[in-house]
Structure formats: C-alpha cells, structure tokens
Asker: 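Sharing a structure with you now.
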Amino acid sequence: TMSVMGMEGAMEFKPDGTFAGFDGQFAGTYKVDGAKLCLTVPGMIENQCTEYPVGKTSGDKFTISGDFGEIEITVR
C-alpha cells in the first residue's frame, strides 16, 4: 500500500512483471534491480528506479523519497 500526496492506494505486483495501482488508475511494468524497484507507466513514468530498504516483511511501514515527495509504504 502506498500513501503519497494525501492519497492512499493498494499496489498489486504480478510475477509476470506487470503492476496496477490505486484501483486501476494506473498500470505498467516493473523490474527489480538489487534493492531498487523500477517502474514504467506508459506516457507517465519511464524506468523510474527507487531504492527500498532490505528485509521488510508483512505489516512493516517505512518512508521513501520519490519524485512526488515523501511516500509512505506499508507491506501487505
């Protein structure tokens, strides 16, 4: 789950390298590069990589910095 700019939504990542978020408001592809998650949303984001802390498990919350400011992540 992601909370950014006052909006919160679920993110679903599938094993085939695709994802969708915020009730289908956006979707695209992803890849993992070490501790980085790289997202592409056609027409919006092109291979944007963000480093995530290692070792987080279900229920953990943490904050990362992104292009849209601070993003709070909750692992489901």
Side-chain angles (χ1 to χ4, degrees):
T1 305
M2 176 185 289
S3 179
V4 60
M5 295 177 18
M7 299 182 300
E8 186 172 309
M11 301 289 292
E12 298 288 334
F13 293 87
K14 297 181 181 179
D16 68 358
T18 62
F19 76 94
F22 290 78
D23 294 323
Q25 291 182 31
F26 66 94
T29 59
Y30 76 93
K31 68 178 181 175
V32 177
D33 181 11
K36 294 180 182 178
L37 177 64
C38 302
L39 304 178
T40 295
V41 177
M44 181 186 275
I45 299 170
E46 184 63 38
N47 198 40
Q48 178 186 24
C49 297
T50 304
E51 189 162 343
Y52 283 74
V54 176
K56 299 297 181 184
T57 60
S58 183
D60 287 347
K61 288 185 179 184
F62 57 93
T63 302
I64 59 172
S65 294
D67 289 348
F68 300 105
E70 295 292 307
I71 302 169
E72 183 178 279
I73 306 292
T74 303
V75 180
R76 292 188 282 150

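Reckoned from all heavy atoms, side chains included, excluding hydrogens, waters and symmetry mates.
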Asker: Of all the heavy-atom pairs spanning Pro42 and Gly28, show the shortest one and how long it is.
Answerer: CD-CA, 4.2 Å
Asker: Any chance you could measure Ile73, atom CD1, to Ile64, atom CD1, to the nearest 0.5 Å?
Answerer: 4.5 Å
Asker: Donor-acceptor check, side chain of Arg76 to backbone of Met11, threshold 3.5 angstrom: yes or no?
Answerer: yes
Asker: Any side-chain donor paired with an acceptor under 3.5 Å for Glu8 and Thr1?
Answerer: no
Asker: Decide side-chain contact (heavy atoms from CB on, under 4.5 Å) for Asn47 and Lys31; before the verdict, give the C-alpha distance in whole Å, the side-chain angles of both, and the deciding distance to 0.1 Å.
Answerer: CA-CA 9 Å; Asn47 198 40; Lys31 68 178 181 175; 3.4 Å; yes
Asker: Side-chain contact test, heavy atoms from C-beta onward, threshold under 4.5 Å: evaluate it for Ile45 versus Phe26 and give yes or no.
Answerer: no
Asker: Taking Met5 as the starting point, is it possible to reach Met44 by hopping between hydrophobic residues whose side chains are less than 4.5 Å apart?
Answerer: yes
Asker: With rounding to the nearest 0.5 Å, note down the distance linking CZ in Phe19 to CZ in Phe13.
Answerer: 6.0 Å
Asker: Once rounded to the nearest 0.5 Å, what's the spacing between atom CD of Glu46 and atom CG of Leu39?
Answerer: 11.0 Å
Asker: I'd like to check the side-chain contact (heavy atoms from CB on, under 4.5 Å) partners of Asp16; sequence neighbours left out, ordered by chain and number.
Answerer: Lys14, Thr18
Asker: To the nearest 0.5 Å, how far apart are OG in Ser3 and NZ in Lys61?
Answerer: 9.0 Å
Asker: For a quick test of reading the model, state the closest non-hydrogen atom pair linking Gly55 to Asp60 and the distance between them.
Answerer: O-OD2, 4.3 Å
Asker: Within the 4.5 Å heavy-atom criterion, are Glu70 and Ser65 side-chain neighbours or not?
Answerer: yes
Asker: Would a 4.5 Å heavy-atom cut-off, applied to side chains only, mark Phe22 and Met7 as touching?
Answerer: yes
Asker: So do Leu37 and Thr50 actually touch side chain to side chain, heavy atoms under 4.5 Å?
Answerer: no
Asker: Parallel, tilted or perpendicular: which fits the ring planes of Phe62 and Tyr52, with parallel below 30° and perpendicular above 60°?
Answerer: perpendicular
